[in-house]
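Pasting a structure here, questions to come.
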Amino acid sequence: MESTLVQLIKQYEEYKQSIANDLQGDSLTGFLLFMNKRLGKTGDNGIDFGISSWENFNRQTLTEMASAFIGKMGRYVDNYARKAMPKTQVASIEEFTYLIVMLQEQSMTKSELINHNAHQITTGTEIIKRLIGKGYLEQTDDLRDKRSVRVSITDKGRIAVYSTASTTKSLSTIATGILSDEELLFLVNTLRKLDDFHKEIFQESKHLELDELVEKHLKD
């Protein structure tokens with residue numbers, strides 16, 4: 001039996017022949033689309049994950065579709081969280097994300113914690129206020145900057161986070177749904193790349209208008 005590498009090379013040669021009249025079509029994306037059509041990739045549950053028909057969409061259409069899907073996914077997850085989180089010691093997914101960050105840090109300033117979670121100051125301040133009121137976070141003066149206040153997680157806060165383990169596991173399971181391990185790995189890498197991009201904007205340029213952000217961060 002031929003090795004996987006040999007089979008892959010032969011498939012690539014066939015791909016090259018199929019685009020002989022389009023030299024600009026020789027790309028990794030084009031090859032993946034070619035292989036996707038040839039394999040007719042289907043998930044275990046019979047749902048077609050193929051994207052063979054998508055190469056006819058232009059980039060603008062694809063970016064609009066991606067933005068819509070990402071936004072919709074957020075609403076799906078928020079809906080699941082609203083069903084489950086109030087039944088735990090942590091009332092919302094927002095409070096959970098603040099606490100889980102603090103498990104890894106000895107202390108942070110309020111503004112650092114808020115920026116890490118990509119919230120506006122007023123929203124983040126309200127979340128921190130609730131967590132302090134529940135005894136999950138405690139605040140102290142920042143010895144290096146008297147204008148800042150630092151927060152740290154309490155033992156009560158740690159217990160609250162650990163108590164949500166079963167619920168958050170179920171949330172992450174339903175959120176990633178029917179993705180295979182390979183698809184999940186690809187998704188995580190893609191979302192991390194987007195997160196790094198938007199984190200830079202949020203931390204350094206959030207005062208700019210949308211047109212200015214596009215001009216500054218997406219120049220050709």
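Worth knowing before you read on, the calculation uses all heavy atoms, side chains too, and leaves out hydrogens, waters and symmetry mates.
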Connected via hydrophobic side-chain network under 4.5 Å: Tyr162 and Leu171: yes
Looking only at atom types and distance, does a side-chain atom of Gln104 sit under 3.5 Å from a main-chain N or O of Ile100, one as donor and one as acceptor? yes
List the atom of Thr164, the atom of Phe96, and the distance in Å for their closest heavy-atom pair. OG1-CE1, 3.4 Å
Residues, nucleotides or ligands: over 12 heavy atoms within 6.0 Å of Phe197 CZ: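 Above 12, so yes.
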Leu213 versus Glu209: any side-chain heavy-atom pair under 4.5 Å?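 With C-beta onward as the side chain, the pair stays apart.
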pair Glu200-His217: side-chain heavy atoms closer than 4.5 Å: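 Side-chain contact under 4.5 Å: yes.
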Are the side chain of Asp141 and the backbone N or O of Leu143 linked by a donor-acceptor pair below 3.5 Å?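 No; zero donor-acceptor contacts below 3.5 Å.
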Drop me the distance from Thr97's OG1 to Asn117's CG, to the nearest 0.5 angstrom.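 The OG1 atom of Thr97 sits 4.0 Å away from the CG atom of Asn117.
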Could you tell me whether the side chain of Thr125 and the main chain of Thr122 form a donor-acceptor pair under 3.5 Å?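 Judged by distance alone, no pair lies under 3.5 Å.
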Connected via hydrophobic side-chain network under 4.5 Å: Val77 and Leu179: no
Is any side-chain heavy atom of Ile132 closer than 4.5 Å to one of Glu138?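 A side-chain contact under 4.5 Å is absent here.
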Stepwise salt bridge (Lys or Arg N to Asp or Glu O under 4.0 Å) test for Asp142 and Lys146: CA-CA 6 Å; Asp142 190 327; Lys146 296 190 180 301; over 6 Å; no
Side-chain donor-acceptor pair present, Lys110, Gln139, cut-off under 3.5 Å: yes
Is a side-chain N or O of Thr154 found less than 3.5 angstrom from the main chain of Gly135, in a donor-acceptor match? yes
Just by distance, no angles: are the side chains of Glu64 and Ser67 close enough, under 3.5 Å, to form a donor-acceptor pair? no
Polar contact flag, side-chain donor to acceptor under 3.5 angstrom, Lys87-Thr167: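 There is no such pair (donor and acceptor under 3.5 Å, judged by atom type) between the side chains of Lys87 and Thr167.
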Crowding at NZ, Lys206 (>12 non-hydrogen neighbours, <6.0 Å):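 Correct, the count exceeds 12.
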Are Glu112 and His116 close enough that some pair of their side-chain heavy atoms sits under 4.5 Å apart? no
Compute whether any side-chain donor of one residue and acceptor of the other, for Arg150 and Thr140, lie under 3.5 angstrom apart.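 Absent: no donor and acceptor within the cut-off.
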State whether the number of non-hydrogen atoms from other residues, nucleotides or ligands found under 6.0 Å of Tyr76 atom OH is greater than 12. no
Quick one: are Ile70 and Leu194 in side-chain contact, heavy atoms under 4.5 Å? yes
Backbone of Ser166 reached by a side-chain donor or acceptor of Ser170 within 3.5 Å: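 Flag set: sc Ser170 to bb Ser166 pair under 3.5 Å.
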For the student: nearest non-hydrogen atoms of Pro86 and Ala81, plus distance: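 The answer is CD-O, 3.6 Å.
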Between Arg192 and Asp196, does any NZ, NE, NH1 or NH2 come within less than 4.0 Å of an OD or OE carboxylate oxygen?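 So Asp196 does not pair with Arg192 through a salt bridge.
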Note, Glu95 side chain near Ile127 side chain (heavy atom, < 4.5 Å): yes
Pair Asp155 + Arg158: basic N to acidic O under 4.0 Å: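 Yes, Asp155 and Arg158 are salt-bridged.
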So if you build clusters from Ile, Leu, Val, Met, Phe, Trp, Tyr with side-chain heavy-atom gaps below 4.5 Å, do Leu218 and Leu208 land together?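 Yes: a chain of side-chain contacts under 4.5 Å links Leu218 to Leu208.
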If hydrophobic clusters are built by linking Ile, Leu, Val, Met, Phe, Trp and Tyr wherever their side-chain heavy atoms come under 4.5 Å apart, do Ile93 and Met73 end up in the same one?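 In one cluster: yes.
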Whether over 12 other heavy atoms sit under 6.0 Å from Asn189 CG: yes
Side-chain heavy atoms of Arg130 within contact of Ser92, under 4.5 Å: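 The answer is yes; the side chains approach within 4.5 Å.
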Minimum-distance pair of heavy atoms, taken over all atoms of Leu137 and Ile153: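 The answer is CD2-CA, 3.8 Å.
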NZ of Lys129: more than 12 outside heavy atoms within 6.0 angstrom?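 For Lys129, atom NZ is not crowded (no more than 12 foreign heavy atoms under 6.0 Å).
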What I'd like to find out is whether the side chain of Ile128 reaches to under 4.5 Å of the side chain of Ile114, using heavy atoms alone.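 A side-chain contact exists here, since the closest heavy-atom pair is under 4.5 Å.
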Side chain of Asn115, backbone of Ser111: donor and acceptor closer than 3.5 Å?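 A pair under 3.5 Å: yes.
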Say whether Val101 and Phe202 are linked into one hydrophobic cluster, either directly or through other cluster members, by side-chain heavy-atom distances under 4.5 angstrom. no
State, without any angle test, whether His119 and Tyr98 hold a side-chain donor-acceptor pair at a distance under 3.5 Å. yes
